[in-house]
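As structure tokens, the structure follows; a few thoughts come after it.
Atoms within each ligand, like the ligands themselves, are counted from 1 in listed order. As the structure is a computational prediction, the values presented were derived from the model and not from experiment. The basis for the numbers below is simple: all heavy atoms, side chains too, and nothing from hydrogens, waters or symmetry mates.
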Amino acid sequence: MTLLDENKHDELRAEGFDAKLWRDLLTYTKPHKRVVFALMLVAMMTGAIDAAFPMLTRDVIDTVAAQGMAADLSTLGVRYAVLVACLALCIFTFIMLAGWLRTSLSYDIREAGFAKLQELSFSYFDERPVGWLMARMTSDCDRLANILVWGVLLDMVWGTSVMVATVSAMIYLDASLALIVLMVVPLLAWISHVFQRKILKAARHVRGFNSRITASFNESVMGLRTTKAFVREDADLGEFKNLSGDMWQASVRNAVLSAAFLPLVLSLCSLAIGLGVAVGGDRALSGAMSLGTLIAFVTYASRLFDPMQEMAVVFAEMQMAQAAGERVLGLIGTEAAVRDRDDVAARIAANVPRDGLAEDGLPDRVDAIAWRDVSFGYGDGPRVLDGINLEIASGSTIALVGPTGGGKSTFVGLLSRFYEPTAGAIEVGGVEYRERSLRWWQSQFASVLQDPHLFSGTVRENIRYGKLDASDDDVEDAARTVGAHAFVEQLDDGYDTEVGEGGDRLSTGEKQLVSFARALLADPAILIMDEATSSIDTETERRIQSAIDCVLEDRTCILIAHRLSTVRRADQILVIDEGRIVERGTHRELLDHGGRYAELWGQQVSPGDSRPIGVTA
Ligand SMILES: Nc1ncnc2c1ncn2[C@@H]1O[C@H](COP(=O)(O)OP(=O)(O)O)[C@@H](O)[C@H]1O
Ligand SMILES: [Mg+2]
């Protein structure tokens, strides 16, 4: 089952109650102890006040019965007014407190999750779709905070206190009669529990089908051209009918359950009340019990059901939300696969900053990099890189070429330590890079990627992302150097043009130029260009070729490109295929060798021209 499938189904998995999970979730209320305490107190008071009204009724009836029309009900009236005022105040307070607490909890849990997401390694994100993570951070967090506050802290506490107060009042009024009536309570509790769970589950089913029908509808409408082109209309209609049929069944089931539940519960309640009236009425007739007491008693008996049903709903909700809780706590509890080793972290903590030294106490300068027998596979997957040996002199340019899927981007991911080798070692200045600070190492890089990411904001802000304290002039200089200035000037607001979410108001080529300027401004020790010019047209690339050369000067650079014209000046060219270096050397050496590189070069030289596409003489 894929993660998305699992997500779709675990809503419906009402498993046993997981007390530990809820205890763990409740630890998030710790920073708000006072509010939690106040909320529980108010919930308890609300329950107690709720239960006090029948007592008042009893006193009114008994007073009138004893004194007739001469009875003075003013003190009782005052008592009633006070009770109502208290109840109003309590309700106002708990709605306010609960709202505040719910928002705070949701915020806290989300913040913990977000902090973790920043820290987790790429391998974590490989396995989880963005949509899945978004759902965890938004709806799961909100849902848990809601249930914790409104369900656990409010309804459960309120329900318990109403039950306790009601039962106490009944025992106080007439203990033996109370025992008789309360006999139905366990049965009532059990039925409420079972039915609420089933009803909720059926409702979720219906909702699940509903969203799938919407999705299928959406897909069909959006993909209508394709559907028609492939004459798939009938098949799609069939799928739609199936889904609708399933939804119909789930809805009917839901209706049947809801329909059966209420009469069942009402009958049981009536039985209890009937018992109370029969036995109590007998006692009232014989004078052993006042009329007011009998009425109060029967009122209590009829009210037992409310809190019980409320609590059964919360309990069922909690069981349904357990999967969400597990997912969120699981996310927060995940350890990053790539992180500082304990001894390195200790070294960083103990380090006193000194000139020329990085935070881990070792040299700040990036020296020669060496790959020693490095192999790598994603997760449990096959080897993607196999026995790579390589020396990268400081300040040199290494070009990687070869077929798609050969492992070039993986090479870069390993070098940047987004992933670590499964075998072998990568050394920097003779020190294995796992002995170094992860933050220090990753801050040495800037990259321009095939599909560059821009943040929503202006062009200027996006370039400045490379170096936050750069002046406007620095930003424009960087843009000029990489040949981005001309197109930026032509945008409506120049450098202040909003690029939209993910930069989607710019073309890929324009995004590449902006991220190129950003990387240049960052002035990193190691520059990575992974098919960075793939979406820039040959004309522009030709224009900025000298800028590229100037950017590459004096810094270590890893250059991945399909257009060989871009890589011919590299100090070392590696041809990578199926995870191995199959050829290496300079452009001249490789052409003389007459192997794969020479063959590729030959294919890219335009016919009747001795120069390959995109190369100026
Ligand atoms: N995140 C990933 N998880 C699993 N497999 C991956 C991942 N990224 C790449 N691969 C696989 O690794 C191989 C090399 O991919 P890549 O390094 O992107 O090649 P290139 O950049 O040379 O086109 C491919 O078979 C690809 O399917
Ligand atoms: Mg790639």
Quiz item: Should Y419 and L385 count as side-chain neighbours, where that means a heavy-atom distance under 4.5 Å?
Solution: no
Self-check item: atom 26 (C) of ligand 1: any protein heavy atom closer than 4.0 Å
Solution: no
Practice problem: List the closest protein heavy-atom neighbour of atom 19 (O) of ligand 1: residue, atom name, distance to the nearest 0.1 Å. | Solution: G407 N, 3.2 Å
Exercise. Go through ligand 1 atom by atom and flag the ones less than 4.0 Å from a non-hydrogen atom of T404.
Key: 23 (O)
Self-check item: Shortest protein contact, atom 18 (O) of ligand 1 (heavy atom only)
Solution: S409 CB, 3.6 Å
Quiz prompt | Any donor-acceptor pair under 3.5 Å from R417 side chain to W441 backbone | solution = no
Quiz item: For ligand 1, is there an N or O atom under 3.5 Å from any N or O atom of V384?
Solution: no
Quiz prompt | Contact with ligand 1 for G405, non-hydrogen, under 4.0 angstrom | solution = yes
Quiz prompt | Ion pair D367/R365, N-O distance below 4.0 Å | solution = yes
Quiz prompt | Beyond-backbone contact of W371 with I369, side-chain heavy atoms, under 4.5 angstrom | solution = yes
Quiz prompt | Proximal candidate to atom 11 (C) of ligand 1 [heavy atom criterion; set F411, F122, Y378] | solution = Y378
Quiz item: Does the distance from a Lys or Arg side-chain N to an Asp or Glu carboxylate O, for K408 and D530, drop under 4.0 Å?
Solution: no
Practice problem: Flag the pair P524 / R555 as yes when at least one side-chain heavy-atom distance between them is below 4.5 Å, and no otherwise. | Solution: yes
Quiz item: Does the protein put a heavy atom under 4.0 Å from atom 8 (N) of ligand 1?
Solution: yes
Practice problem: Mind checking whether D126 contacts ligand 1 via backbone (N, CA, C, O), side chain (CB onward), both or neither, at a 4.0 Å heavy-atom cut-off? | Solution: side chain
Quiz item: Would one find an N, O or S atom of S409, in either backbone or side chain, under 2.8 Å from the Mg ion (ligand 2)?
Solution: yes
Exercise. Indicate the atoms forming the closest heavy-atom contact of T556 with G395, along with that distance.
Key: OG1-N, 3.0 Å
Practice problem: Check each atom of ligand 1 against the heavy atoms of T410 and keep those under 4.0 Å away; list them by number with element. | Solution: 14 (C), 15 (O), 16 (P), 17 (O)
Quiz item: How many angstroms lie between atom CZ of R439 and atom CZ of R339, to the nearest 0.5 angstrom?
Solution: 15.5 Å
